[in-house]
Amino acid sequence: MDDSSLLGVGDSGVFLGAKREEFEGCFVPSKAEKTSSQFATFEDRIRTFKNDQYKQLLKKQSQNIIKRCLKCNKACASSPLAPSCNSCGATLPSEESTSSNVFTGFAFGIGKGPFPYTISLRFQSPSILVFDDLLALSSCHLNAIPTTHHIVDWRFLLKRPKEGLEILNNLQLAAERVFTESFWTNQKWKERFFHPKFHKVAAKAVLDLAFAGMNFPPSQFQLHLQFIVPPLLPYQYHLYQKGVHATKFRFFPLKYIRKILETGEKMDITMKTNVFDIITYFEKLGISYDDIYKEAYDSLDKNHKLLANYLAKDFMYRLRGDTVFHAVTHMPCKFEKSEVVTKDKSVLQNYGRPYSEQKPTGTYYKYAKKTPLEEW
């Protein structure tokens with residue numbers, strides 16, 4: 001795999017240091033209308049309720065149980081199956097803590113938590129939000145969430161499988177609509193990030209290659225569909241090759257969740273329900289997590305190779321091991337890998353487009369909820 005490869009990884013290393021001028025103007029700006037936040041913080045919102053039950057419910061819905069990365073400070077899911085940070089790759093601490101639930105914050109129109117809760121918004125309705133992922137793995141990495149109910153994670157859909165399947169299908173349709181109407185109609189973005197043989201195909205041909213599913217446990221305790229259209233960004237493809245992303249028994253493909261909901265089998269799900277019990281139960285009904293996961297995981301590599309269009313000349317550096325080297329002189333650079341990865345994110349991502357003074361912009365949910373979400 002030499003540097004003529006378009007995969008973002010070559011013999012000289014992982015492509016880093018994306019040249020801003022080479023990618024300028026090749027992004028998909030959000031066209032969402034500007035809306036103000038409804039309350040400054042969760043605490044401000046909770047204080048407005050006179051009903052103690054509402055106060056306790058919103059407090060519950062405002063929190064996640066997480067492990068916080070000591071290197072980059074990202075709130076990560078607490079799971080023995082995900083021992084590393086899915087942003088910087090550092091080993092996570094053993095101690096659990098809580099964090100603010102950003103996604104329910106979006107639904108309530110909260111202004112800020114540890115950081116501003118502005119949304120890189122792509123689609124909104126009274127029941128669904130679709131937005132760019134802040135920690136995108138690809139140039140089109142969307143999250144779709146329901147805003148009518150508080151559903152901690154996908155397991156709970158099994159309490160009401162028929163309604164759960166409807167929610168799942170609606171989240172997928174909303175994400176696909178965003179890709180079709182906003183992303184695939186942007187010719188400059190398409191030509192910059194996708195292999196030339198895909199420049200003239202219909203959106204559906206690319207949607208068929210999307211990588212979609214849900215994590216358990218999630219880092220945000222609100223049901224969210226991760227909808228990722230390859231190719232992955234170069235460094236994220238490198239992490240995928242190392243087994244950091246979409247780890248087995250943590251990532252659950254959309255196809256798997258849909259198949260088990262389609263059985264109509266109800267389960268009495270609680271926070272303590274073991275996901276392996278769910279896997280075993282549906283295995284006996286002929287639905288194999290192992291087979292569906294392997295198909296999805298392998299397809300991400302295959303489809304990245306089909307779609308990627310990264311030119312070696314457009315990247316100033318190469319990563320070998322944990323050392324960054326200059327692409328031309330081949331000399332090691334003095335800065336840390338994390339520095340250039342962070343800079344690349346600002347150059348390559350669609351999150352927060354259009355930028356203002358080189359910084360992401362966003363808005364708030366115009367259908368912000370006035371009472372706690374209905375518990376599923």
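Side-chain contact check for Pro230 versus Leu300: some heavy-atom pair is nearer than 4.5 Å. Residues Gln38 and Tyr364 are not in side-chain contact: their nearest non-hydrogen atoms beyond the backbone lie 4.5 Å or more apart. Side-chain contact between Asn309 and Phe198 is absent, with no heavy-atom pair separated by less than 4.5 Å. Using a 4.5 Å cut-off on side-chain heavy atoms (C-beta onward), Leu135 and Lys345 make contact. Using a 4.5 Å heavy-atom threshold, the side chains of Leu319 and Lys337 count as touching. Gln349 places a side-chain heavy atom less than 4.5 Å from the side chain of Pro360.
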Pairs under 3.5 angstrom only: tabulate donor-acceptor contacts from the side chains of residues 22-30 to other protein residues two or more places apart or in another chain.
| unit_1 | atom_1 | unit_2 | atom_2 | d |
| --- | --- | --- | --- | --- |
| Ser30 | OG | Ala32 | N | 3.2 |
| Ser30 | OG | Leu121 | O | 2.6 |

Donor-acceptor contacts, no H, no angles, side chain residues 201-214, under 3.5 Å, sequence neighbours left out:
| unit_1 | atom_1 | unit_2 | atom_2 | d |
| --- | --- | --- | --- | --- |
| Lys204 | NZ | Asp208 | OD1 | 3.2 |
| Lys204 | NZ | Asp208 | OD2 | 3.2 |

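Residues Ala296 and Ser299 come closest through the heavy atom pair O-OG, 2.6 Å. Of all non-hydrogen atoms in Tyr355 and Ser346, the two that sit nearest each other are OH-O, 2.8 Å. Minimum heavy-atom separation, Arg122 to Leu142: CG-CD2, 4.1 Å. Minimum heavy-atom separation, Arg353 to Leu348: NH2-N, 4.4 Å. Closest approach of Leu7 to His304, counting heavy atoms only: O-NE2, 2.9 Å. Contact detail for Tyr297 and Gly243: the closest heavy-atom pair is OH-CA, 3.8 Å.
Under the 30°/60° scheme for interplanar angles, the aromatic rings of Tyr237 and Tyr240 are found to lie parallel.
In this structure, Glu262 places its CD atom where more than 12 heavy-atom neighbours from other residues, nucleotides or ligands lie under 6.0 Å away. Surrounding NZ of Lys55 are more than 12 heavy atoms belonging to other residues, nucleotides or ligands, all under 6.0 Å away. Heavy-atom contacts from other residues, nucleotides or ligands closer than 6.0 Å to CZ of Phe39 number more than 12. Within 6.0 Å of the NZ atom in Lys19, the count of heavy atoms belonging to other residues, nucleotides or ligands exceeds 12. Residue Glu339 places its CD atom among more than 12 non-hydrogen atoms of other residues, nucleotides or ligands, all under 6.0 Å distant. Within a 6.0 Å sphere centred on CD of Glu21, heavy atoms belonging to other residues, nucleotides or ligands number more than 12. Heavy atoms of other residues, nucleotides or ligands lying less than 6.0 angstrom from NZ of Lys343 number 12 at most.
In this structure, CG in Asp290 is found 7.5 Å from CD1 in Ile279, a value given to the nearest 0.5 Å. Here the CD-CZ distance, from Gln222 to Phe106, works out to 11.5 Å after rounding to the nearest 0.5 Å. Atoms OG and CG, from Ser338 and Asp322 in turn, are 10.0 Å apart once rounded to the nearest 0.5 Å. Distance check, rounded to the nearest 0.5 Å: CD1 of Ile257 to CG of Leu225 gives 8.0 Å. With rounding to the nearest 0.5 angstrom, the CE atom of Met267 is 13.0 Å from the CG atom of Leu157. For the atom pair OG (Ser12) and NE2 (His330), the distance works out to 7.5 Å, reported to the nearest 0.5 Å.
Electrostatic pairing of Lys305 and Asp301 counts as a salt bridge here, judged by a charged N lying under 4.0 Å from a carboxylate O.
Under the side-chain contact (heavy atoms from CB on, under 4.5 Å) criterion, Lys71 pairs with Cys69, Cys88, Ala90, not counting sequence neighbours. Annotation: side-chain contact (heavy atoms from CB on, under 4.5 Å) contacts of Ile65 (sequence neighbours excluded): Glu96, Phe221. Under the rule for a ring pair (Phe, Tyr, Trp, His ring centres under 6.0 Å), the partners of Trp184 that lie at least two apart in sequence or sit in another chain are Phe179, Phe194. Residues meeting the salt bridge (charged side-chain N to carboxylate O under 4.0 Å, His left out) test with Asp133, sequence neighbours left out: none.
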TODO: Evaluate side chain to side chain donor-acceptor pair (under 3.5 Å) for Glu375 paired with Gln61, printing each intermediate quantity in order.
DONE: CA-CA 9 Å; Glu375 287 291 328; Gln61 295 178 1; 2.8 Å; yes

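A cation-pi contact, defined as under 6.0 Å to the ring centre and within 45° of the axis, is absent between Arg47 and Phe49. Taking the ring axis of Phe15 as reference, the NZ or CZ atom of Arg318 stays within 45° of it and closer than 6.0 Å to the ring centre.
Aromatic ring centres of Phe193 and Phe183: separated by at least 6.0 Å. The six-membered or imidazole ring of Phe249 lies near that of Phe276, with a centre-to-centre distance under 6.0 Å. For Phe216 and Trp154, the ring centers sit 6.0 Å or farther from each other. Within the 6.0 Å centre-distance limit, the rings of Phe103 and Phe131 are counted as a close aromatic pair.
Counted by atom type alone, Thr147 and Tyr367 present zero donor-acceptor pairs between their side chains at under 3.5 Å.
Looking at Ser120, its side chain does come within 3.5 Å of a backbone N or O of Gly352 through a donor-acceptor pair.
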